[in-house]
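Quick note: residue numbers are just sequence positions, from 1. Counting starts at 1 for both ligands and their atoms, following the listed order.
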Amino acid sequence: MTVSSNLSKIISFVTSKGFQIHPDALFLIEKLQDDYFQIIEDILSGKRKRKEESMVIITDDIKKFVKDSSFTISTENNNKSKLIVSGTAAKAEAEHDQYYEDKELTKEDSSAYSADKGRLYKHREKTESFKIVYDSNDKINSGEGVEGYASLFRSRYEKSLKILSLRQDSKKVKKIETIKQLFNQSKINYNSMSKELSNNSLFAAGLIMNKDIKNNNYDITIDDQTGLLTATTYNDELKKQISMLTVDQMVMIEFENNQQRKKNTIKNLFSLDIPDRIPNKSKSEIFSILISDLHIGSKFFMEKEFQNFLEWLNGKREGEEGQAWEEDNNDDIISKIKYICICGDLIDGIGIFPNQDKELLEKDSFSQMDHAISILSKIPKHMKVFLIPGNHDLGRRALPQPAIPKKYAEKLYSLDNVTMLGNPCMINMEGIKILMFHGQSLDDIIASIPGLSYSKPAEAMKLLLKSRHLSPIYGQRTPIAPEKEDMMIIEEVPDVLHSGHVHVIDVDSYKGTLLVNSGAWQSQTPFQQTMGITPTPGIAIAINLSNLKPYKIDFNNYDA
Ligand code: D5M
Ligand code: FE
Ligand code: ZN
């Protein structure tokens, strides 16, 4: 990389943040080489915290920053020569420990550093930088029976309310109990209707208990832990809006109470939704591969295509190009791949549905697992693999699912480059937040929301973001465990939502979040045929983390 391109990168980075940089400071920071973007971020966040009026980065900002981080700066020839970032070994070590504590990197990353002591900045560029933001596996602690479900829904309501409270108009929300008291008071004293009621608009928020289509109206009933409230609409636009909501998701209703008709008439409806935003991007061009649903052990597992994929990962297929989801090609993806996300259904399992054994090549899940392990161990060791379970894998079936238990996958746990996680989980990869969820609930969503189909799973995934919940519908096909805490709520907005389960590749985006359904490596099974599901197997999705651009890499019709 030339110096001038470094300088222009720094300038455009700083200006993209709404700041400017003094030429001397630019010269100084450029000498810091590898880590200047992080340093600029830290300087700007310090400036914002101190509410500084100046929007210009000057040399003092940089010197102050570098000193703060316990390194000393020594400059030679009046700043004209190289700026040396030096420190004692102990200082560097402490900084290193802090860095890895902050990033929660794995031991092997950390020990790799030790072999290269003193070259911290250089090293940061080379190692992968990831953090498990949350892993449902770590929190699984089932409640008991009915009390478990009561606390699960209490948790869902409370977490949803917290998300809702970020909306300005949510301040007007009243408890249903309070609203009912207001109604009773105004019934007793007809002449003096309370101010709240005469204001016309009331706000309530709760989980949707019921949606009821009548001839020309739509009723919706919500529960906010203090009571139930039913509201009605005759308006076509609102009726359509209600049809797109799932039961058991949180909704805020603005309504008016019509005393004569004894009805609450809906004026507006709001789901939690995600805010429109610009997603995070990694600083350098790093790729993450998204795949799912291998179904190893099934007669329909496409082993040949998957071996092609493994060969490609191992660089044995030079010249194969990734096809951009839209237009231009990228012929150099392999050298930039650092991560592989596998979104569940690693094996086909046994007894998952009636007569499944007729579709199995390997009729016990242990031999399926052994096969799976021998396949996954062919992934190059410098690529970090994140693996979550699906409904065909070993372990608990109900959501949230713990990581595939160690007793069934000892060897996978011993592979240095594999991290076993629960379903769902969120990983911060080079600054990009990827939410991984196998996607079991998509069946219920596709079945209950008009206009959705198995051929466009990303449309169904949008509903997950809108409802801020990965499995909003309770009591249908998706088993949900009576956990004390609802871990399926989407508390943190992801940059990428990765699912599988549907076996159909689909990529879309919603309010800045990239939605990826990463298809399958299993051809159409007789069961899927009877269900009318046409999979699109044998394709991997690669994501350029520096711009969230998706690439489709098709391993069908490749020569062996
Ligand atoms: O799911 C593979 C595909 O089959 C996916 O599109 C969902 C669909 N599927 C799975 N189970 C059912 C049931 N019980 N009814 C209808 N459709 C279903 P996989 O999890 O890989 O079997
Ligand atoms: Fe599957
Ligand atoms: Zn599945």
Side-chain angles (χ1 to χ4, degrees), residues 290-303 305-306 341-362 365 368-369 371-372 375 387-404 421-425 436-449 452-461 463-464 470-471 473 475-480 488 497-506 515-541:
L290 274 46
I291 57 167
S292 59
D293 297 85
L294 279 66
H295 290 266
I296 294 168
S298 161
K299 283 181 187 167
F300 303 92
F301 167 49
M302 293 163 57
E303 184 143 20
E305 287 76 4
F306 201 78
C341 299
I342 308 178
C343 215
D345 285 358
L346 175 65
I347 58 168
D348 207 51
I350 53 159
I352 309 296
F353 50 79
N355 294 323
Q356 186 207 3
D357 55 335
K358 296 198 179 84
E359 300 182 4
L360 291 177
L361 201 63
E362 292 158 292
S365 15
Q368 295 178 7
M369 269 316 267
H371 189 177
I375 285 178
L387 174 65
I388 68 164
N391 50 312
H392 283 254
D393 289 305
L394 286 161
R396 166 167 120 172
R397 292 279 290 280
L399 293 172
Q401 286 183 285
I404 299 169
L421 297 165
N423 173 34
C425 66
M436 287 177 74
F437 166 54
H438 177 63
Q440 288 93 324
S441 63
L442 297 173
D443 288 333
D444 291 331
I445 289 178
I446 290 168
S448 61
I449 304 293
L452 295 181
S453 79
Y454 278 111
S455 61
K456 295 287 295 165
E459 282 300 322
M461 289 167 70
L463 257 78
L464 302 179
L470 292 169
S471 192
I473 305 170
Q476 292 187 21
R477 289 215 301 262
T478 312
I480 297 175
M488 307 303 288
L497 174 58
H498 176 201
S499 290
H501 186 61
V502 175
H503 295 207
V504 174
I505 284 271
D506 199 12
L515 302 160
V516 178
N517 197 295
S518 55
W521 298 83
Q522 184 189 40
S523 56
Q524 192 187 42
T525 66
F527 174 76
Q528 288 160 3
Q529 203 171 4
T530 59
M531 300 299 303
I533 292 164
T534 311
T536 58
I539 298 169
I541 297 288

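Nearest protein heavy-atom contact of atom 20 (O) of ligand 1 is Asn391 ND2, 2.8 Å. Looking only at protein heavy atoms, the nearest one to atom 16 (C) of ligand 1 is Met531 CE, 2.9 Å. Considering only non-hydrogen protein atoms, atom 11 (N) of ligand 1 sits nearest to Phe527 CE2, 4.0 Å. Protein heavy atom nearest atom 4 (O) of ligand 1, with residue, atom name and distance: Ile533 CD1, 3.5 Å.
Not a single donor-acceptor pair under 3.5 Å links the side chain of Lys299 to the backbone N or O of Thr525. Checked by atom type and distance alone, the side chain of Asn423 pairs as donor or acceptor with a backbone atom of His438 at under 3.5 Å. A distance-only check finds no donor-acceptor pair linking the side chain of Asp348 to the backbone of Ile296 [under 3.5 Å]. Checking side-chain atoms of Asp506 against main-chain N and O of Ala458 turns up a donor-acceptor pair under 3.5 Å.
Within Asp293, the N, O or S atom at minimum distance from the Fe ion (ligand 2) carries the name OD2. Summary: OD2 is the N/O/S atom of Asp345 found nearest to the Fe ion (ligand 2).
Residue-to-ligand polar distances place His392 within reach of ligand 1: an N/O pair is separated by less than 3.5 Å. Residue-to-ligand polar distances place Val502 within reach of ligand 1: an N/O pair is separated by less than 3.5 Å. By the 3.5 Å distance cut-off applied to N or O atoms, Asp345 is counted among the residues near ligand 1.
Inclusion of His438 in the first shell of the Fe ion (ligand 2) is not supported: no N, O or S atom falls under 2.8 Å. His392 lies apart from the Fe ion (ligand 2) in this respect, since none of its N, O or S atoms is found at a distance under 2.8 Å.
Using a 4.0 Å heavy-atom cutoff, His295 is listed among the residues neighbouring ligand 1. Heavy atoms of Phe353 stay at 4.0 angstrom or farther from ligand 1. Residue contacts with ligand 1 include Arg477, since one of its heavy atoms falls under 4.0 Å from the ligand.
Atoms of ligand 1 lying under 4.0 Å from at least one heavy atom of Gln528, given by number and element, are 2 (C). Contact atoms of ligand 1 toward His503: 2 (C), 21 (O) (distance under 4.0 Å to a heavy atom of the residue).
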Pair Gln368-Ile350, side chain to side chain contact (heavy atoms under 4.5 Å, CB included): steps then yes or no: CA-CA 10 Å; Gln368 295 178 7; Ile350 53 159; 4.3 Å; yes
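Using a 30° and 60° split on the angle between ring planes, Phe306 and Phe301 fall in the tilted class, from 30° to 60°.
When Leu442, Asp443, Asp348 are ranked by how near their heavy atoms come to atom 9 (N) of ligand 1, first place goes to Asp443. Closest heavy-atom approach to atom 1 (O) of ligand 1 among the candidates Gln356, His501, Gln524: His501.
Under the side chain to side chain donor-acceptor pair (under 3.5 Å) rule, Gln440 has a single partner from Arg477, Gln401, His501, Arg397, which is Gln401.
The set of protein atoms (N, O or S) found at less than 2.8 Å from the Zn ion (ligand 3) reads Asp345 OD2, Asn391 OD1, His438 NE2, His501 ND1, by chain and number.
The Fe ion (ligand 2) lies at the vertex of an angle of 90° between the NE2 atom of His503 and the NE2 atom of His295 (rounded to 10°).
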